[in-house]
> 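Structure provided below as structure tokens; questions to follow.
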2 protein chains.
Amino acid sequence: MKDRLFRQTKQRKFILEELKKLKTHPTAEELFLQFKKKMPNLSFSTVYRNLNFLRDKGEILELNLGKYSSRYDADINQHHHFFCLGCNRIFDIYFSSNDMLTRHIEEKLNFKVKYQRRDFYGYCKDCKGKTRDKT
Amino acid sequence: MKDRLFRQTKQRKFILEELKKLKTHPTAEELFLQFKKKMPNLSFSTVYRNLNFLRDKGEILELNLGKYSSRYDADINQHHHFFCLGCNRIFDIYFSSNDMLTRHIEEKLNFKVKYQRRDFYGYCKDCKGKTRDKT
DNA sequence: TTAATTGCAAAACTTTTGCAACGCT
DNA sequence: AGCGTTGCAAAAGTTTTGCAATTAA
């Protein structure tokens, strides 16, 4: 297997820097539209290719929540997400992990857990009162 | 808001019954191909429409793991999933929930958790030895 | 009878890819 | 110079939709 050289292009650098500024977990399209303002001839495929590249290198996270567009997060500290069904915002959930279940999977089932995702869906503080959904 | 009548068609009944027999978390396409053997003029859109219908009614789960095809699960008992990065199989993980984190989100953040997903990715017992990935 | 549902085909939407030109190293 | 990367357009893959015909209630 041959060593591959990776180049630091201005597009790649720009994409990572801008994503790091955002706490909103944007889609590729949202990023593209926003980036285009500062870098007018940036193309959609370059955005996708770099998001995939950065995800593969572990520099960003790709969150595929729904069937449609993935969302991206440049915060790679271990954390979970809360999706508000009311306003569609995504909240970061930081946690201290004392994790029985992971231990169970590794020790009892003899699997190896490489990573995990835990997604919560519900109503945030702001939306809780506004919904008719009282279940 | 008007009451809507839902009909029990033979396609809908068939789709739910067949999915219940499967423990393999198939995609819509896999289901369609398999169903077509027993119901030759079933159409792809009927499969999709009924999977969406059953999901909205809470009778099945739609698991959207990757960017691509959703997978479906007729086991609606609360459980998690383990995705084997080696063989791509999906294992059901049943758990007893004594859940600090959910409680934290509901009590400290004052959010309402409606449902949650926890997905594990790693190597199952069979694949653990075969991979070069020793991290 | 009538409105929900089906089957078919086309459309919609997200993401990837082929290719020539460009630009890091 | 060499080859990774870009921009553009076209393609690929998944899911939804419009519509006339069918069928459950």
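Residue numbers start from 1 in every chain, and the chains themselves are labelled A, B, ... in the order their sequence lines are given, proteins ahead of strands. Side chains included, hydrogens not; waters and symmetry mates left out as well; all remaining heavy atoms used.
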> Calculate the interatomic distance between B:Phe35 atom CZ and C:dT6 atom P; express it in whole Å.
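To the nearest whole Å, that distance equals 13 Å.
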> Looking only at the side chain of B:Arg49 (C-beta and beyond, no hydrogens), which of the listed nucleotides D:dG7, D:dA24, D:dC19 gets closest?
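The answer is D:dC19.
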> For A:Asn50 and D:dG7, what is the distance between atoms CG and C1' respectively, to the nearest whole Å?
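The distance from CG of A:Asn50 to C1' of D:dG7 comes to 12 Å, rounded to the nearest Å.
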> Look at the side chain of B:Asn41 and decide which nucleotide, out of C:dT15, D:dT5, C:dG7, has an atom nearest to it.
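For B:Asn41, the side-chain atoms sit closest to C:dG7.
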> Using only side-chain N and O atoms of B:Asn52, determine if any of them is under 4.0 Å from OP1 or OP2 of D:dT16.
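So the side chain of B:Asn52 is within the cut-off, an N or O lying under 4.0 Å from OP1 or OP2 of D:dT16.
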> For A:Leu54 and C:dT15, what is the distance between atoms CG and C1' respectively, to the nearest whole Å?
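In whole Å, C:dT15 C1' lies 16 Å from A:Leu54 CG.
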> Could you check whether the rings of B:Phe32 and B:Phe44 sit parallel, tilted or perpendicular, using 30° and 60° as the cut-offs?
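Judged by the thresholds at 30° and 60°, the geometry between B:Phe32 and B:Phe44 is parallel.
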> Nearest whole Å is fine: how far is D:dT16 C1' from B:Glu29 CD?
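The distance from CD of B:Glu29 to C1' of D:dT16 comes to 16 Å, rounded to the nearest Å.
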> Rounding to an integer number of Å, can you tell me how far B:Phe6 CZ sits from C:dT6 P?
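Spelled out: CZ on B:Phe6 to P on C:dT6 is 12 Å.
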> Is a salt bridge present between A:Lys38 and A:Glu18, judged by a nitrogen-to-oxygen distance below 4.0 Å?
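Between A:Glu18 and A:Lys38 there is a salt bridge, with a charged N closer than 4.0 Å to a carboxylate O.
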> Which heavy atom of A:Gln11 sits nearest a heavy atom of A:Met39, and at what distance?
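That would be CG-SD, 3.8 Å.
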> Please check: side-chain N/O of B:Arg55 versus main-chain N/O of B:Glu62, any donor-acceptor pairing under 3.5 Å?
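Pair absent, no side-chain N/O of B:Arg55 close to backbone of B:Glu62.
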> Side chain of B:Ser45 only, heavy atoms from C-beta on: which candidate in C:dC8, C:dT16, C:dT5 is closest?
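Output: C:dC8.
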> In whole angstrom, what separates A:Glu30's CD from C:dT15's P?
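Rounded to whole Å, this separation is 11 Å.
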> Measuring from the side chain of B:Arg7 (C-beta onward, heavy atoms only), which nucleotide among C:dA4, D:dT5, D:dT15 has the closest atom?
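Shortest atom-to-atom distance from the side chain points to C:dA4.
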> May I ask you to evaluate whether B:Thr46 reaches the phosphate of C:dG7, defined as a side-chain N or O under 4.0 Å from OP1 or OP2?
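Indeed, a polar side-chain atom of B:Thr46 lies that close.
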> Among residues 8-22 of chain A, which residues get a heavy atom nearer than 4.0 Å to DNA chain D?
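Residues of residues 8-22 of chain A that come under 4.0 Å of DNA chain D are, in numerical order, A:Thr9, A:Gln11, A:Arg12.
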> Within the supplied structure, the quantity of interest is the number of heavy atoms (other residues, nucleotides, ligands) at a distance under 6.0 Å from A:Lys36 NZ; does it exceed 12?
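Count over threshold, so yes.
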> With hydrogens left out and only the distance checked, is there a donor-acceptor pair under 3.5 Å joining A:Ser69's side chain and the base of C:dC13?
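Such a pair does not exist between side chain and base.
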> A:Tyr48 OH to D:dA12 P: how many Å, rounded?
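Checked: the OH to P distance equals 18 Å.
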> Please report the distance, rounded to the nearest Å, between CZ in B:Arg71 and P in D:dG13.
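From B:Arg71 CZ to D:dG13 P: 16 Å.
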> Nearest-nucleotide wise, let me know which of A:Met39 and B:Phe44 is further upstream toward the 5' end of DNA chain D.
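Looking at DNA chain D, the more 5' nearest nucleotide goes with A:Met39.
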> Above 12 or not: heavy atoms from other molecules or residues under 6.0 Å from NZ of B:Lys57?
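Atom NZ in B:Lys57 is crowded, with more than 12 foreign heavy atoms closer than 6.0 Å.
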> Regarding B:Arg12 and the six-membered ring of B:Phe53, is the cationic atom NZ or CZ under 6.0 Å from the ring centre and inside 45° of its axis?
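B:Arg12 over B:Phe53 ring: yes.
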> Of the nucleotides C:dT15, D:dT5, C:dA9, which has the atom closest to the A:Ser70 side chain?
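The answer is C:dT15, which lies nearest to the side chain.
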